[in-house]
A.B. asks: 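Please see the structure below; I have some questions.
In what follows, chains are A, B, ... by sequence order, proteins preceding strands, each numbered from 1. It should be emphasised that the depicted structure is a prediction, and the values quoted were computed from it without experimental measurement.
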Amino acid sequence: MKSDFSPTAIETKWQQKWDEAGVYKVDLKKAKDPYYAMAMFPYPSGDKLHVGHWYNFAPADSYARYQKMLGKDVFESMGFDAFGLPAENYAIKTGVHPNQSIKENVQTMIKQLKRMGCMYDWDKMVNTSTPEYYQWTQWLFLQMYSKGLAYKKKANVNWCPKDQTVLANEQVKEGLCERCGTTVIQKPLEQWFWKITDYAQRLLDGLKDLDWPEKTKIMQRNWIGRSEGVNFTCKIKDLGIEFEVYDSIPQTHKAQTFAVIAPDHPMVKDLVKGTEHEKEVLAFAVKIAKKKAAGKFDIDTDMEGIFTGRFVEDPFGMGDLPIWVASFVVTDYGTGIVLCSAHDERDFAFAKKYDLPLRPVLLPSDPDQAELVKKGEVFYRQPDGIMQLPAAFKGMTWAEAREPIIDYIEKTGLGYRAVHYRLRDWLVSRQRYWGAPIPIVYDPEGNPHPIPEEHLPWLLPTDVEFKPTGESPLTQSKEFIERTEKIFGKGWRPEFDTMDTFVCSSFYYLRYLMAENTPKKSQKPKTKSQQLVDPVLEKKWMPVDIYIGGPEHATMHLIYARFVMMALHDAGIVSRDEPFKRLVHQGFITNKGAKMSKSKGNVVSPDPLVELHGADVFRMFLMFMGPFTDGGDWSDTGIKGVDRFVQRVWKLITERVKEEVNDEQLKPALHATIKRVTDSINRLQFNTAISALMEFLNTAEKKEMISGTTARTFVLLLTPLAPHLSEELWEKLGSQGFVVEQSWPSYDESLLVASTLTIAVQINGKLRGTIDVPADATDADIITQAKEQENVKKYLEGAIIKKEIYVKGKLVSLVV
RNA sequence: GCCGAAGUGGCGGAAUUGGUAGACGCGCACGACUCAAAAUCGUGUACCGCAAGGUGUGAGGGUUCGAUUCCCUCCUUCGGCACCA
């Protein structure tokens, strides 16, 4: 049965056969043992599919195939995150409408994805830029609005001057636009927000039960930034204005010596109104605000302040505290006003700069060192002769003192325990064209009203230019305004902003479960069966069993999706809080150390290599590069090794299999291989799975002929990794059915125990020889034998053995 | 500065609870086949040394009969955060 191996022909053949037989179609309703395998859906950019996509999707598919062979009803989803800036920027450059370019890119990418031979059930594909999809994005907005979770407010927001749109906090990385790298500035604008802060504690608590990478959980925890401390109510002297302050280091209680307020705090004006300080202070506030707006504020060089002339009225019986406006204080954390002490780096530096008094609470007592000794030992002292706290606190360490002091503060009634979070509300509106229109209209008085559901999808108008002007492009659409007036009345205006694309991707895992039922364009989603998600399917399939994607989404998509799922749960739409039970991040593929991107022109296309070697070889090569979660720098050296492996497998199975030949001696190796491959795939370490198969091949090739059983088992092990090749070999072996529908082989434990053991012999921790002993030899026998080993003997001559250690089945260690 | 991950041959990487470091593959060298080359197959390949032997998992200490694995200090690289009192 000798024949040549031609990957492309084989791969095309089996993709067709699978397709015809519908082996990857899943009946979501009938599935008995659902397994929802999902990779983060791609953005259909002009780059097409690059090696990074393959690196993500191919192993994800191999793992899903393994689950299928374990007997699960696997649903592997695929779709497109099609709204967003790149298509719009492309349109600005070329004049091609995003609708057009996205359609083309999606078509190309589907073709490329199909070439990979993954188990995607294409009937359930989603594309977020289609009205069928974005009506649900809009519906979600209305849900949020009706639950009071969507609101509009004027605030300083992150503005990208290049993309001419606002950005969510999560989209600003190191002060730069996450998309284009431009310095982000602050701009006061009226924007739509979603109240993710209401869910801060739940988002934090939920993490502990998730099977997610620890580092991702840590990133989310830091992002949420829960801080515990004490709130105090204070008064401005002579003005009687009451305000709250938050203090997260209660150890400094009664040791505060001044107060600082944020330059853009609304109370600043009231403090200085009509005083000699007014002009100067307000000018200072404006100066700092400008610096911050330009994104140029740097705490190290720009630590500045100015005295307001006002005091906090003796908050703790230790005297009045002067209030300064200080550049480093932020308005929107805590209450924007802070009581300062010696034991904070910034407060300390500020006090030194403006010669403000300090009252340290830690030994040593030198106020010049106060901040530096925070890690120092003993807490509590009375440098100015005033007893600050009860004597019970004396001698406590900084850490020990914390809780008792909070208790003490509460008991004295001066303040109360409080929790603050760093998490801010999610800014969801964007001044761009290519997104889902926000389903809100304004009456002639300018009051917002939700668009009734029957008008969904609230279509994105097409009579729009894309030039970013800083104003929403939708304002140019005559049709959009006419449509609004026609439905709602004269003088009514639509909301011109669109939604952040992260809204689209915050619930797509639910839409996959419904995509088959999506009405045609002509239909409107009004009937009962047309809902965001069928509760029965949701209950059955959610949460997603394994979600695979890049770590760059740790504080964006992955936190938004959790928030939206929780909000939907509270609204009774879904049955649980968390969308992704298990999360895995694939590693990042770089090119000469740099991130692949079109602008750098270093994107590597997989197509030529796939053409040359076939999809199986290419995907195995990517898996063989190293651990899936590590990624690495791109290089195609080494693909040859996998190619050779495939050629040799082909040769062995097509030329050297004889059904009834006796190859009993191969059995232990075969079963060891089953175990190794199984364990490796379980841990998503495809590299070691492949090397185990290579090792077995090396062993098997030494035999003249191998049996049908051995060959079939080997092909089964290869199936998740190289599905097309395996299918062809399965057929050549005369086996029934699709190999991709066979069960995963199991191994016989008893065959894994070797009949002879090789024991290492060490003297003083150095390897001096090995001995072969029967598996049933006694410990004493083995030690005796070890001492008689030739090389060992040499070292034992004239030496006294002080200690003998035998590690079962592994080694003998002698100490002389 | 803070949080996290990682440093092993010329290269990608192996080595589940401490137990024969370098599996598997690339590359390289030599050999076979060939007029020749490619492909393929075989042998070798951590370093020093002719050898006996010694040295080796970023550096330095420590625990242990025994450390890539555990502990301490430090260095480098990568990822995230950075005014949140």
Side-chain angles (χ1 to χ4, degrees), chain A residues 173-175 213-223 225 227 229 245-249 252 256 259-260 262 288 292 297-300 302-303 326-341 343-348 350 420-424 551-552 554-555 585 587-588 590 593 621 624-627 629-633 635-642 644-645 647-648 651 676 679 683 685 687-695 697-698 701 758-770 794 802-816:
Chain A
K173 304 281 166 192
E174 298 186 18
E214 206 46 47
K215 93 173 184 200
T216 307
K217 291 191 189 182
I218 289 169
M219 273 164 72
Q220 289 211 350
R221 281 192 194 105
N222 291 342
W223 192 259
S227 156
V245 287
Y246 173 66
D247 189 354
S248 72
I249 40 174
T252 61
Q256 292 97 336
V260 286
I288 299 298
K292 288 200 178 185
F297 181 77
D298 175 4
I299 177 102
D300 292 327
D302 298 322
M303 169 159 296
S327 60
F328 61 89
V329 186
V330 291
T331 346
D332 55 353
Y333 180 79
T335 61
I337 178 160
V338 184
L339 304 186
C340 302
S341 73
H343 301 287
D344 174 87
E345 203 181 329
R346 290 149 312 189
D347 297 353
F348 184 78
F350 191 79
H420 287 259
Y421 301 90
R422 287 166 101 126
L423 186 69
R424 302 292 146 80
E552 67 273 19
T555 54
H585 295 308
F588 218 79
T590 53
F621 164 62
F624 190 57
M625 270 173 62
T629 50
D630 279 12
D633 203 45
S635 158
D636 61 4
T637 57
I639 194 164
K640 224 175 176 174
V642 177
R644 277 183 196 144
F645 167 69
Q647 301 287 349
R648 283 163 56 200
K651 268 210 172 112
R676 287 173 64 191
D679 291 351
R683 276 177 276 138
Q685 284 165 9
N687 55 333
T688 49
I690 294 170
S691 63
L693 289 171
M694 285 174 167
E695 275 184 72
L697 179 69
N698 289 342
E701 274 180 336
T758 303
I759 305 288
V761 186
Q762 293 184 345
I763 295 168
N764 289 345
K766 283 202 196 304
L767 182 71
R768 293 304 178 191
T770 58
K794 204 165 71 190
K802 280 199 255 175
K803 206 165 173 186
E804 294 171 355
I805 295 155
Y806 172 59
V807 182
K808 237 183 175 19
K810 293 256 165 79
L811 59 71
V812 172
S813 183
L814 303 170
V815 187
V816 299

A.B. asks: Do you know the tightest heavy-atom contact between A/V338 and A/V329?
C.D. replies: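 Smallest interatomic distance, heavy atoms only, reads CG2-CG1, 4.1 Å.
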
A.B. asks: Using a cut-off of 4.0 Å between protein heavy atoms and nucleotide atoms, how would you tag nucleotides 77-85 of chain B 5' to 3' with B, S and -?
C.D. replies: ---SS-BBB

A.B. asks: Does A/T252 reach the side chain of A/D247, with side-chain heavy atoms less than 4.5 Å apart?
C.D. replies: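 A/T252 reaches A/D247 side chain to side chain.
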
A.B. asks: Specify the separation, in whole Å, of atom CG of A/D636 and atom C1' of B/G27.
C.D. replies: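 Checked: the CG to C1' distance equals 14 Å.
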
A.B. asks: Please lay out, stage by stage, how A/F328 and A/D347 fare under the test side chain to side chain contact (heavy atoms under 4.5 Å, CB included).
C.D. replies: CA-CA 10 Å; A/F328 61 89; A/D347 297 353; 4.0 Å; yes

A.B. asks: Mind checking what makes ring-ring contact (aromatic ring centres under 6.0 Å, His included) contact with A/Y421, not counting sequence neighbours?
C.D. replies: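 With neighbours one apart ignored, the set is empty.
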
A.B. asks: Give me the distance, rounded to whole Å, that separates B/A6 from B/G58 when you measure between the C1' atoms they each carry.
C.D. replies: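 Those two atoms are separated by 11 Å.
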
A.B. asks: Quick test: give all pairs of protein nitrogen or oxygen and nucleotides 54-57 of chain B nitrogen or oxygen below 3.5 Å, distance rounded to 0.1 Å.
C.D. replies:
from	atom 1	to	atom 2	distance (Å)
B/G54	OP1	A/R768	NH2	3.3
B/G54	OP2	A/R768	NH1	3.2

A.B. asks: Looking at every heavy atom in both A/Y246 and A/G334, which two are closest together, and how far apart are they?
C.D. replies: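 Smallest interatomic distance, heavy atoms only, reads CB-CA, 4.3 Å.
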
A.B. asks: With rounding to the closest Å, how many angstrom separate the P atoms on B/G4 and B/G9?
C.D. replies: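 The same atom, P, in both gives a distance of 27 Å.
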
A.B. asks: State, to 0.1 Å, how close A/V330 and A/A262 come at their nearest heavy-atom pair, and which atoms those are.
C.D. replies: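 Nearest heavy atoms, A/V330 then A/A262: C-CB, 3.8 Å.
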
A.B. asks: Expressed as a whole number of Å, how far does the C1' atom of B/U20 sit from that of B/U57?
C.D. replies: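 So the two C1' atoms sit 15 Å from each other.
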
A.B. asks: Can you see which heavy atom on A/M219 is nearest to which on A/A554, and at what distance?
C.D. replies: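 Looking at all heavy atoms of both residues, the closest pair is CE-CB, 3.4 Å.
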
A.B. asks: Can you give me the N/O atom pairs linking the protein to nucleotides 44-46 of chain B at distances under 3.5 Å, or say none if there are none?
C.D. replies:
none

A.B. asks: Of all residues at least two apart in sequence or in a different chain, which pass the salt bridge (Lys or Arg N to Asp or Glu O under 4.0 Å) check with A/R644?
C.D. replies: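 Salt bridge (Lys or Arg N to Asp or Glu O under 4.0 Å) list for A/R644, sorted by chain: empty.
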
A.B. asks: Could you list the residues that satisfy salt bridge (Lys or Arg N to Asp or Glu O under 4.0 Å) with A/R676, not counting sequence neighbours?
C.D. replies: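 By the salt bridge (Lys or Arg N to Asp or Glu O under 4.0 Å) rule, A/R676 matches A/E695.
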
A.B. asks: Would you classify A/K808 as touching base, sugar-phosphate or nothing, given that sugar-phosphate means primed atoms plus P, OP1 and OP2, and contacts are heavy atoms under 4.0 Å?
C.D. replies: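 It contacts nothing in the nucleic acid.
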
A.B. asks: Is there a side-chain contact between A/I690 and A/F621 in this structure, where contact means two heavy atoms from C-beta onward sitting under 4.5 Å apart?
C.D. replies: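 A side-chain contact is absent here, since even the closest heavy-atom pair is not under 4.5 Å.
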
A.B. asks: Could you tell me whether A/F645 and A/F624 have their ring centroids closer than 6.0 angstrom?
C.D. replies: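 Ring centroids of A/F645 and A/F624 are no less than 6.0 Å from each other.
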
A.B. asks: Apply ring-ring contact (aromatic ring centres under 6.0 Å, His included) to A/F588 and list each qualifying residue two or more places apart in sequence or on a separate chain.
C.D. replies: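 Applying ring-ring contact (aromatic ring centres under 6.0 Å, His included) to A/F588 gives none.
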
A.B. asks: Walk me through whether A/R648 and A/N698 qualify under side chain to side chain contact (heavy atoms under 4.5 Å, CB included).
C.D. replies: CA-CA 9 Å; A/R648 283 163 56 200; A/N698 289 342; 2.5 Å; yes

A.B. asks: On a whole-Å scale, what distance lies between the P atoms belonging to B/G19 and B/G66?
C.D. replies: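 Approximately 14 Å lies between the P atom of B/G19 and that of B/G66.
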
A.B. asks: Please measure how far the C1' atom in B/A46 lies from the corresponding atom in B/A15, and state the result in whole Å.
C.D. replies: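 About 16 Å, rounded to a whole number of Å.
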
A.B. asks: Taking only nitrogen or oxygen atoms into account, show me every contact under 3.5 Å that the protein makes with nucleotides 30-33 of chain B, one pair per line with its distance.
C.D. replies:
none

A.B. asks: Could you tell me the separation between the CZ atom of A/F588 and the C1' atom of B/A6, rounded to a whole number of Å?
C.D. replies: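 Roughly 17 Å, once rounded to whole Å.
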
A.B. asks: Taking the same atom, C1', in B/U8 and in B/G80, what whole-Å distance lies between them?
C.D. replies: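 So the two C1' atoms sit 27 Å from each other.
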
A.B. asks: Donor-acceptor pair, A/D630 side chain versus A/G587 backbone, under 3.5 Å?
C.D. replies: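 Absent.
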
A.B. asks: I need a per-nucleotide contact map over nucleotides 20-25 of chain B, read 5' to 3'. Cutoff is protein heavy atoms under 4.0 Å; write B for the base, S for backbone only, - otherwise.
C.D. replies: B--BBS

A.B. asks: Taking the six-membered ring for Trp, are A/H420 and A/Y333 parallel (under 30°), tilted (30 to 60°) or perpendicular (over 60°)?
C.D. replies: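 The arrangement is tilted - the two ring planes meet at 30° to 60°.
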
A.B. asks: Closest-nucleotide mapping onto RNA chain B: is A/V815 or A/E701 further toward the 5' terminus? I mean the 5' end.
C.D. replies: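 Its nearest nucleotide lies further toward 5', so the answer is A/E701.
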
A.B. asks: Say you pick atom C1' in B/G18 and the same atom in B/U63; how far apart are they, in whole Å?
C.D. replies: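 Between the two C1' atoms, the distance is 12 Å.
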
A.B. asks: How does RNA chain B look in dot-bracket notation if pairs are Watson-Crick or G-U with both distances under 3.5 Å, crossing ones as [ ], other-strand ones as |?
C.D. replies: (((((((..(((......[....)))((((((.......))))))(((....)))..(((((..]....))))))))))))....

A.B. asks: Tabulate below the donor-acceptor pairs under 3.5 Å that side-chain atoms of residues 805-816 of chain A make, not counting sequence neighbours, or state none.
C.D. replies:
from	atom 1	to	atom 2	distance (Å)
A/Y806	OH	A/G809	N	3.1
A/K808	NZ	A/D779	OD1	3.2

A.B. asks: What is the distance, to the nearest angstrom, from the CG atom on A/L814 to the P atom on B/U64?
C.D. replies: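 For the pair A/L814 CG and B/U64 P, the rounded distance is 19 Å.
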
A.B. asks: Pick the P atom in B/C11 and in B/G7, then give their distance to the nearest Å.
C.D. replies: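 Approximately 15 Å lies between the P atom of B/C11 and that of B/G7.
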
A.B. asks: Using the closest heavy atom to pick a nucleotide of RNA chain B for each, name whichever of A/G631 or A/S813 lands nearer the 5' end.
C.D. replies: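 Result of the comparison: A/G631.
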
A.B. asks: Where is the tightest heavy-atom contact between A/A259 and A/L339, given as atom of each residue plus distance?
C.D. replies: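 Nearest pair, atom of A/A259 first, then A/L339: CB-CD2, 3.8 Å.
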
A.B. asks: Using salt bridge (Lys or Arg N to Asp or Glu O under 4.0 Å) as the criterion, list what pairs up with A/D302, not counting sequence neighbours.
C.D. replies: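 In terms of salt bridge (Lys or Arg N to Asp or Glu O under 4.0 Å), with neighbours along the sequence ignored, A/D302 is linked to A/K291.
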
A.B. asks: What's the shortest heavy-atom distance between A/A760 and A/L767, and which atoms?
C.D. replies: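 Shortest heavy-atom contact: CB-CD1, 3.7 Å.
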
A.B. asks: So, is B/G31 syn or anti if syn means the angle is within 90° of 0?
C.D. replies: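 That one's anti.
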
